[in-house]
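What follows is a single structure, written as structure tokens, with notes after it.
All values below come from the heavy atoms of this structure, side chains included, with hydrogens, waters and symmetry mates left out. Lettering follows sequence order; numbering is per chain, from 1.
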2 protein chains.
Amino acid sequence: MASISIKDIASKAGVSTATVSYVLNGTRNVRPETKARVLQAIEELDYKPNDIAKSLKRKRTDTIGVIAEDVTVFNTPEIIDGINDYADRYDLHILLTNLRLNKRIGKDFENRDRYQKYAQGAVDELLRKQVDGIVYIGVHPRDLTGLIHTHGKPIVYTYGYTQNDVSIQYDDEKAAFEATSYLVRQGHSRIAVISGMMDSIPSRLRLNGFFRAVTEFELPFDPGWIKIGDWETESGYRLTQELLALPNPPTAILVMNDVMAVGVMRAARELGVPVPERLSVIGFDNREFSDYLTPRLTTMDLPLHAMGYASMEALARIMRGEPAADIAMPVCRLVERDSVARLAMS
Amino acid sequence: MASISIKDIASKAGVSTATVSYVLNGTRNVRPETKARVLQAIEELDYKPNDIAKSLKRKRTDTIGVIAEDVTVFNTPEIIDGINDYADRYDLHILLTNLRLNKRIGKDFENRDRYQKYAQGAVDELLRKQVDGIVYIGVHPRDLTGLIHTHGKPIVYTYGYTQNDVSIQYDDEKAAFEATSYLVRQGHSRIAVISGMMDSIPSRLRLNGFFRAVTEFELPFDPGWIKIGDWETESGYRLTQELLALPNPPTAILVMNDVMAVGVMRAARELGVPVPERLSVIGFDNREFSDYLTPRLTTMDLPLHAMGYASMEALARIMRGEPAADIAMPVCRLVERDSVARLAMS
DNA sequence: CTGTTAGCGCGTTCAT
DNA sequence: ATGAACGCGCTAACAG
């Protein structure tokens, strides 16, 4: 079944293919009555335009290649959703590549070569498909500089940092500052931190935000209140035991992800320290499960949707040759639930 | 910058474009030394083939359109991952459309017209992009028959049911049967059910599986042990209160999703009924949070990855003109954790 | 068997 | 409003 083309429409309507094209795209004026004839022919033959042919000539596909390091990691779907939100508004399409990094290389991100070939291969395929631009979504924030070559095609990275290309991240420093400020407003001053690993950029930025709050609010500070975790539940559990064994234990812990916060709450429960009455806990990420914990976890929500959207905005600007550096950095938002107690100011 | 084409390669290598094409695709024999010249020219000019032009001629894009009703719903990323897994193996690409139904229409699935236009619009766009086939991923299992017209393009639905098209679902009946069998093996006989809403196909199938187990294992049966929930936590909470107030309360509850199981465990805790010692709970879905509950929830894992993969397999068969009906139905798998107690057989 | 010529796929767009 | 070239690669037909 040869599908009907613009030619069929042209002959049926008794006009040239050029005219049909003009009607289709509104590229030029067409006398109303011929236009009507064309429209009717399109209707009767149930004509469906072929975007492939169009793209070939226009040298534009209106398609953005999205490379996700792993769609099954919690941050990715919401970022994709933000990308789609933008794409819908501007009639763009998404060619999705899923690197499946978690399944292929696990957590072995030390070895960059190990996944660089996947990333570069994905880019090459997208380039062959003539995407107009590329968005790269990492699985955890790290330096992605020079990971891939796009041969001049615009690219924006998100959930990762870069030196020379545009990358969209949320404001880690501010988030930690605000989380700490919130604890202060609730009357806390002996505030501990369980951070992620120190080779992580977010860990360092958040620590900066925390220290800025310590300074600004003139909080007491004890180096023993800063603990370095590894993002996993077990480390939250162990470090909380250490913190609660201190002669002068904190009344609140700022935990740099919700997964470790689970360990914090488990340790507190086992030690008979009620949360939030004697220990307040504030997490990071607003993972789905944080709402199902007991007590429900207060945590910083990541602006994932906004990051996806902003990535597309940045990409669009780059494609238009405009600067993209001034796009506002998405900010985190505190989700107040039940794991932080208001302390009587004494 | 005019990108280099097959012509540039041809002239640089001193051959015709046909020869270059033959080298590129291995479509015909080329003398090794000319082949080498071509390859070298490709290398030197850093030539990147244009798949758009290729697709136009071949009338094949090696691209599958995937329509997700909502990528932020828990089932979707894993299904997409399964689709990608298949696509990687067979050099297919994925054009993703995200209907964003949750954000656009909430839970208003009664009103089919409300979202049908989004679905149909997505299909039309994909068709214009000349995808070779379509996979449609629902957000909850319901009858999707006739939702969209694909004008003869192959389509497979998953996470939903259809009458005339191929759809891939997991085996709900079997899953419920096995969950119940597991409880029986652990020594339970007074088993209650908190189902989802009764207009839901999975609810009915699972109830069938449960009843088959009741019959097969000759379990005592009390109609008061069958409760109809609405998939939300609150209903699990309320119905568990009812169940535990019964003169002859169950020792175990089969709950048709993990979200309601949270309510079950909450009610039990408040009533001072320890889980699993006095009440065993088994959930459905293996949501991420189920592993963070206290106690960790035993639940049925959904074969989402396998469903995505099977959808692509089915699609490939249809595209080859083969029957796809005999593709094995993916099965659920019990994730044994800590919410079910082994009862002493008495 | 190896290589070339030329038309084609389906719309777009410029010159007429 | 139209004819025809064009985008880029594929492939049938043909030649050596």
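Residue B:Val15 is in sugar-phosphate contact alone, with no base atom involved, counting any heavy-atom pair closer than 4.0 Å across all strands shown. Nucleic acid contact class of A:Lys59 (heavy atoms, under 4.0 Å, all strands): sugar-phosphate only. As judged by a 4.0 angstrom heavy-atom cut-off over every strand, A:Val30 is placed among residues touching the sugar-phosphate backbone only. Residue contacts shown for A:Arg31 are limited to sugar-phosphate atoms, with no base heavy atom under 4.0 Å away. Within the nucleic acid shown, A:Asn29 comes within 4.0 Å of sugar-phosphate atoms alone, with no base atom in reach, counting heavy atoms only.
When rounded to the nearest whole Å, the span between NZ of A:Lys7 and P of D:dT2 equals 16 Å. In this structure, B:Asn50 places its CG atom 13 Å from C1' of D:dC10, rounding to the nearest Å. D:dG9 atom C1' lies 10 Å from atom CG of B:Asp51, rounded to whole Å. Rounded to a whole Å, the CZ atom of A:Arg28 is 11 Å from the P atom of C:dA15.
A donor-acceptor contact under 3.5 angstrom links the side-chain atoms of B:Lys57 to the base of C:dC8. For B:Arg37 and C:dT2, a side-chain-to-base donor-acceptor distance below 3.5 Å is absent, hydrogens and geometry of angles not being considered.
Between B:Tyr47 and D:dC8, a side-chain N or O to OP1/OP2 separation shorter than 4.0 Å is absent. The shortest distance between the side-chain N/O atoms of A:Thr34 and the OP1/OP2 oxygens of D:dA1 is below 4.0 Å. Residue B:Ser5 has no polar side-chain atom (N or O) positioned under 4.0 Å from OP1 or OP2 of D:dC8. Look at A:Thr19 and you'll find a side-chain N or O under 4.0 angstrom from OP1 or OP2 of D:dT2. Taking only side-chain nitrogens and oxygens, B:Ser21 comes nearer than 4.0 Å to OP1 or OP2 of D:dC10.
Residue A:Asn84 is tested with B:Asp70, B:Thr72, B:Asn98 for a side chain to side chain donor-acceptor pair (under 3.5 Å); the sole match is B:Asn98.
Nearer the 5' end of DNA chain D, as judged by each residue's closest nucleotide, is the contact made by B:Ala53, out of B:Tyr22 and B:Ala53.
Between the side chain of B:Ser167 and the backbone N or O of B:Thr158 there is no donor-acceptor pair closer than 3.5 Å.
Contact record, A:Lys12 with A:Ala41: CG-CB, 3.9 Å, taken as the closest heavy-atom pair.
The CD atom of A:Gln130 sits 11.5 Å away from the CG atom of A:Leu95 when rounded to the nearest 0.5 Å.
Of the charged side-chain nitrogens involved, none lies within less than 4.0 Å of a carboxylate oxygen, so that B:Asp62 and A:Lys129 do not count as a salt-bridged pair.
Side-chain proximity of B:Ile6 to D:dC10, C:dT4, C:dC10: nearest is D:dC10. Residue A:Leu56 places its side chain closer to D:dC8 than to any other of D:dT2, D:dG9, D:dC8.
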